Trainee: 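Before anything else, here's the structure in question.
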Amino acid sequence: MDDATSSDSTIDFLETAANCSLFHRISAYMTAELRQGGHDQPEGSLTADDLQHAHAIFACRELSVAGMIVVSFHADAELARLYRLWIAPSARRSGMGRALMMHAERFVAGKGGRVIEFDTGHDLVPAVALYRSLDYKEKPFLERSPRSLLFRKSLAAAEFESGRPTNTS
């Protein structure tokens, strides 16, 4: 487990195989929440094959899961795809999403990854704002859906030596 400090309290990060019961429970909750909000593809783009080779990162605060993200490496291992970023309702707008994304970037760089990409719906306004603030470049992802965006960021190895990514692209 890795620790990070936020303005409220310590965040513990747990990295594990993604195909676990906790992932499935959170993913089902997330899908229902997105479906209720009218999102056009609430299941996301994570396939069963991706899941078999993926890592889940859980952010925990005060013995509760406050967030989750899934990282799957492409066959060449330099490209990592992110899936299913979820923040518990009680932890939203607290910096948890930023902390989890930054931890995922360090995790990818630590495994030799050089590029991160993922897609999301343009209607998920807080998430899109977070990705833009972390210097992810975006473009329409029409192959997925007319309302999807593809985000991508190149990682420089040196930026992770200090433990804190810098804003680069």
Side-chain angles (χ1 to χ4, degrees), residues 1-18 20 22-23 26-27 29-30 33-34 44-46 50-51 53-74 76-122 124-139 141 148-169:
M1 230 186 285
D2 187 21
D3 295 341
T5 305
S6 74
S7 58
D8 297 348
S9 62
T10 299
I11 303 169
D12 296 314
F13 294 101
L14 173 64
E15 300 158 1
T16 187
C20 67
L22 184 56
F23 162 78
I26 291 173
S27 188
Y29 176 87
M30 180 181 184
E33 186 178 44
L34 289 169
S45 58
L46 181 65
D50 292 327
L51 186 59
H53 307 287
H55 305 272
I57 302 172
F58 298 98
C60 303
R61 182 181 283 157
E62 298 175 11
L63 301 178
S64 296
V65 175
M68 175 189 78
I69 194 164
V70 173
V71 178
S72 180
F73 287 91
H74 192 267
D76 68 11
E78 289 192 357
L79 173 65
R81 293 216 15 107
L82 302 182
Y83 301 93
R84 308 303 279 176
L85 174 64
W86 172 81
I87 306 301
S90 62
R92 292 178 186 162
R93 304 198 56 79
S94 71
M96 183 64 67
R98 177 174 300 281
L100 198 48
M101 286 293 294
M102 291 175 72
H103 184 84
E105 289 179 4
R106 288 190 299 274
F107 178 81
V108 168
K111 298 280 187 190
R114 299 181 51 80
V115 177
I116 292 177
E117 73 175 22
F118 54 90
D119 60 273
T120 193
H122 71 77
L124 297 174
V125 176
V128 169
L130 171 64
Y131 307 144
R132 288 174 178 159
S133 76
L134 291 169
D135 291 331
Y136 282 86
K137 303 301 178 197
E138 69 188 87
K139 67 178 185 176
F141 193 32
S148 289
L149 297 170
L150 180 68
F151 286 87
R152 187 176 181 102
K153 183 176 183 178
S154 295
L155 304 176
E159 73 187 34
F160 293 95
E161 290 175 8
S162 68
R164 230 176 103 196
T166 57
N167 293 334
T168 62
S169 54

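Note that the structure is predicted; figures quoted are calculated from it, not measured.
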Trainee: Which value, rounded to the nearest 0.5 Å, describes the distance between E117 atom CD and L79 atom CG?
Mentor: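 E117 atom CD to L79 atom CG measures 4.5 Å (nearest 0.5 Å).
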Trainee: So, for A109 and L155, which heavy atoms are closest and what is the spacing to 0.1 Å?
Mentor: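 Minimum heavy-atom separation between A109 and L155: N-CD1, 4.2 Å.
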Trainee: Which pair of non-hydrogen atoms, one from V115 and one from S154, has the smallest distance, and what is that distance?
Mentor: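 Shortest heavy-atom separation between V115 and S154 comes out as CG2-OG, 4.2 Å.
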Trainee: Give me the one residue out of L150, V128, L130, I116 that meets side chain to side chain contact (heavy atoms under 4.5 Å, CB included) with Y136.
Mentor: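 Option passing the side chain to side chain contact (heavy atoms under 4.5 Å, CB included) with Y136: I116.
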Trainee: So, using ring pair (Phe, Tyr, Trp, His ring centres under 6.0 Å) as the criterion, who are the partners of F151 when residues are at least two apart?
Mentor: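 Checked F151 against ring pair (Phe, Tyr, Trp, His ring centres under 6.0 Å); matches are F118, Y131.
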Trainee: Drop me the distance from K139's NZ to L149's CG, to the nearest 0.5 angstrom.
Mentor: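 K139 NZ to L149 CG: 11.5 Å, rounded to 0.5 Å.
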Trainee: For the CZ atom of F13 and the CZ atom of R106, what is their distance to the nearest 0.5 Å?
Mentor: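 Those atoms lie 6.5 Å apart.
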Trainee: What is the minimum heavy-atom distance between S94 and A91, and which atoms define it?
Mentor: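 For S94 versus A91, the nearest heavy atoms are OG-O, 2.5 Å.
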Trainee: Applying side chain to side chain contact (heavy atoms under 4.5 Å, CB included), run through E15 and H103 and close with a yes or a no.
Mentor: CA-CA 10 Å; E15 300 158 1; H103 184 84; 2.7 Å; yes
Trainee: Going from CG on L14 to SG on C20, what distance comes out if it is rounded to the nearest 0.5 angstrom?
Mentor: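 One finds 8.0 Å between CG of L14 and SG of C20.
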Trainee: Work out which heavy atom in A104 is nearest to a heavy atom in I57; give both atom names and the distance.
Mentor: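 Minimum heavy-atom separation between A104 and I57: CA-CD1, 4.0 Å.
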Trainee: Output the distance between atom CE (M96) and atom CZ (R61), rounded to the nearest 0.5 Å.
Mentor: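 Answer rounded to 0.5 Å: 3.5 Å.
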Trainee: Is there a side-chain contact between L46 and F23, using heavy atoms and a 4.5 Å cut-off?
Mentor: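 They are in contact (side-chain heavy atoms under 4.5 Å apart), so the answer is yes.
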Trainee: Using the test salt bridge (Lys or Arg N to Asp or Glu O under 4.0 Å), find all partners of D119 that sit at least two apart in sequence or belong to another chain.
Mentor: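 Result, salt bridge (Lys or Arg N to Asp or Glu O under 4.0 Å) vs D119: R81, R144.
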Trainee: Under the rule for side-chain hydrogen bond (donor to acceptor under 3.5 Å, both in side chains), what residues qualify as partners of S27, not counting sequence neighbours?
Mentor: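 Testing S27 for side-chain hydrogen bond (donor to acceptor under 3.5 Å, both in side chains), a comparison that skips the adjacent residues, returns R84.
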Trainee: Mark yes or no for whether K153, through its side chain, and L134, through its backbone, hold a donor-acceptor pair below 3.5 Å.
Mentor: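 Confirmed, K153 side chain pairs with L134 backbone.
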Trainee: Could you check whether any side-chain heavy atom of V108 comes within less than 4.5 Å of a side-chain heavy atom of F73, counting everything from C-beta outward?
Mentor: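 In short, these two side chains touch, coming nearer than 4.5 Å.
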Trainee: Does any part of the side chain of L124, heavy atoms only, come nearer than 4.5 Å to the side chain of L34, both counted from C-beta?
Mentor: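 The answer is yes, as the side chains (C-beta and beyond) meet within the 4.5 Å cut-off.
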Trainee: State which residues pass salt bridge (Lys or Arg N to Asp or Glu O under 4.0 Å) with R98; sequence neighbours excluded, sorted by chain then number.
Mentor: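 Listed in chain order: nothing, the list is empty.
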Trainee: Under the side chain to side chain contact (heavy atoms under 4.5 Å, CB included) rule, what do F141 and T120 come out as? Steps first, then yes or no, please.
Mentor: CA-CA 9 Å; F141 193 32; T120 193; over 6 Å; no
Trainee: Do V71 and L82 come within less than 4.5 Å of each other through their side chains, counting heavy atoms only?
Mentor: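 Yes, their side chains come closer than 4.5 Å.
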Trainee: Checking V65 now: which residues fulfil side chain to side chain contact (heavy atoms under 4.5 Å, CB included) with it, not counting sequence neighbours?
Mentor: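 Partners of V65 by the side chain to side chain contact (heavy atoms under 4.5 Å, CB included) criterion, ordered by chain and then number, come out as L22, I26, F58, C60, W86.
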Trainee: Applying salt bridge (Lys or Arg N to Asp or Glu O under 4.0 Å), can you list everything that pairs with E78, at least two apart in sequence or on another chain?
Mentor: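 Here no residue qualifies.
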Trainee: If you define the side chain from C-beta out and look only at heavy atoms, does anything of R93 sit under 4.5 Å from I87?
Mentor: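 Result no, sub-4.5 Å side-chain heavy-atom pair not found.
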Trainee: With a 4.5 Å cut-off on side-chain heavy atoms, are E138 and H122 touching?
Mentor: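 Not in contact.
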